[in-house]
Amino acid sequence: MTKKDIIRLLENIATYMELSLENPFKVSAYRKAAQSLETDPRSLSEIDKFIDIKGIGKGVNEVIVEYVEKGESTVFKELQESVPAGLVQMTKIPTLGPKKIAKIYKELGIDTLEGLKNACENEEISALSGFGKKTEENISKAIDDILIRPERYAINQILKFREIIESHLSESEHVERFDVAGSARRMKETSRDIDYIVISKDPQAFTEEITEADFVKETVVSGDKKLSIIIEDDLQEINVDFRFVTEAEYYSTLHHFTGSKEHNVKMRQIAKKRDEKISEYGVEKDGETVTFDSEADFYNHFGLEYIPPAMRETGEETELDVGDIVTLEDIKGDIHMHTVYSDGAFSIREMVEACIEKGYGYIVITDHSKSLRVANGLDEKRLIAQLEEIRAINEEYDEIDVYSGTEMDILKDGTLDYSDDILKELDYVIAAIHSSFQQTEEEIMHRLESACRNPYVRHIAHPTGRLIGRREGYPIDMDRLISLAAETGTALEVNANPMRLDLSAEAIRHKDVMLSVNTDAHHTDHLDFMKYGVATLQKGLIRKDQVINTMTREDFREFINKQK
DNA sequence: GCCGTTTTCGGCCCGACTGTTTTCAGTCG
């Protein structure tokens, strides 16, 4: 059992209680308790008394203790007996909350999505008091949608949707200014929808214009202050919301709709203690509404430093020294990238020049090793030839240090793809798993341990092998890997490619481990991925001094020349 | 169910919008 299991139990209890029409504050007490556990830096084995955690009192503590000891929960079991699981499915239908679901269940005995769909077609829903034709249509349509549509989209897909919308917004004469908000702005791994804050002199004209665009499938809500549409790209579709605001409100609204919910709740509690009230229109004090010229001003108003969007997740970020947390400006080099030698699209020189553009002081060229044939991995002879070319190119540039490295395969049996005799010639060695993902956790951990213990391996690339929304990655004992990394002086990578973000923010949060954040670029355009990697570090509340590539050019040189 | 520099009861973040009503409940972000 892990902490995650307990968190899931508490969240399930909250959902089931909500559907039993329990006191909403009791429901939210369970959600808060789950959140407190999540935010607590300790692992399950390190927590001896749950009741000492803020947000966990007598009641929730009993539930947790029983669950930890017996592996089951009486409270949850009883809820499951009284609340059909199908009702939980119904909570996914927008506009259907616990009250309406309970009513449908109580009065019509409907407890499945299919049953609900039938009832809509038979006009049984609109016959209920408080429900009308419109509600019935909406429910019916929403059921069709949830059956075909994923609940959340991976950040990679979100970026594609954003390009469509943002190129329209940039060109529209009715848009003075806009910013993306919501989880997309916070660069979450996945998002349910996309939000924009827009200043427009004529929201109605903007609405007419965009709803005519061919990528718009449907208009959901259309008012003076808000527009909600569904857009489509290939076969995928997603909700996009626009909030129309005045210049003065802009940053308050941007902050409000950037969230997260938990962050906003925390900010409002801070405001309340000062007899102030935060809304999307500003901060109300003594009946007057204060507005701001930037989000930094907003935070400063409350005596806080600017908190970057990516960090605004649990609320905990309002309580720590944000200045210690890594930012994009702190990143001085990219130490994992590919060239035409293996499966990259550009030459060493082209990668070097693109990195100079980025202002980096150093980079490491890390092409694939010989066993990764699909990626045209380098055998020893080509590797040495590349090393010589890198040395020569490095001589030509004063503004950047170019190091020779490799992204070497950790083979199935735990041996490494190059011998130590070869590795010692290189400046920087990365090891990674690219094969046999179906092995057991023990076999995978044996491979990772063997790489960590090699004296030349500096870091482990994309340690779990996951692809967001596409594959889980191989089985791994994260606590063990982190302690191995610490013991052997090996860094773990946060791969900045938005399909990977591996390690995840969740995996690194509150962990005292050395990390390395890299784009793994196979194209010069991929060098821009760094911001997603940094966002992941920020969500993990990672300090600058935990990240190898925040080192200055000189420190990195010294680091390279030093034995591991 | 949780919490307390307003401390053992009473409040728990706040406001907008929709669809249903005829003044508002429910839902959402």
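All chains are named by letter (A, B, ...) in the order of the sequence lines, taking the proteins before the strands, and each is independently numbered beginning at 1.
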Within residues 109-134 of chain A, which residues have any heavy atom lying less than 4.0 Å from an atom of DNA chain B?
A/G130, A/F131, A/G132, A/K133, A/K134

Pairing residues for A/K26 by the side-chain hydrogen bond (donor to acceptor under 3.5 Å, both in side chains) criterion, not counting sequence neighbours
A/E22

For B/dT8, which nucleotide is its Watson-Crick or G-U wobble mate, given both distances must be under 3.5 Å?
none

Taking side-chain hydrogen bond (donor to acceptor under 3.5 Å, both in side chains) as the criterion, tell me which of A/D195, A/D241, A/T219, A/D193 meets it with A/S228.
A/D241

Testing A/T536, A/N495, A/T464, A/N497 for side-chain hydrogen bond (donor to acceptor under 3.5 Å, both in side chains) with A/D502, which one passes?
A/T464

Mind calculating the distance between [atom1] ([X]) and [atom2] ([N]) to the nearest angstrom?
X	N	atom1	atom2	answer
A/H256	B/dG29	NE2	P	11 Å
A/K99	B/dT20	NZ	C1'	15 Å
A/I101	B/dA25	CD1	C1'	16 Å
A/K225	B/dG15	NZ	P	12 Å

Test item: A/E493 side-chain N/O and A/H462 main-chain N/O as donor-acceptor pair under 3.5 Å:
yes

OP1, OP2 of [N] versus side-chain N and O of [X]: anything below 4.0 Å?
X	N	result
A/K272	B/dC12	yes
A/T135	B/dT20	yes
A/K226	B/dG29	no
A/N264	B/dG29	no

Option passing side-chain contact (heavy atoms from CB on, under 4.5 Å) with A/L116 (candidates A/L108, A/I143, A/L87, A/I101)
A/I143

Can you see which heavy atom on A/Y306 is nearest to which on A/P309, and at what distance?
OH-CD, 3.3 Å

With respect to the side chain of A/S279, which nucleotide from B/dG15, B/dC12, B/dG26 is positioned closest?
B/dG15

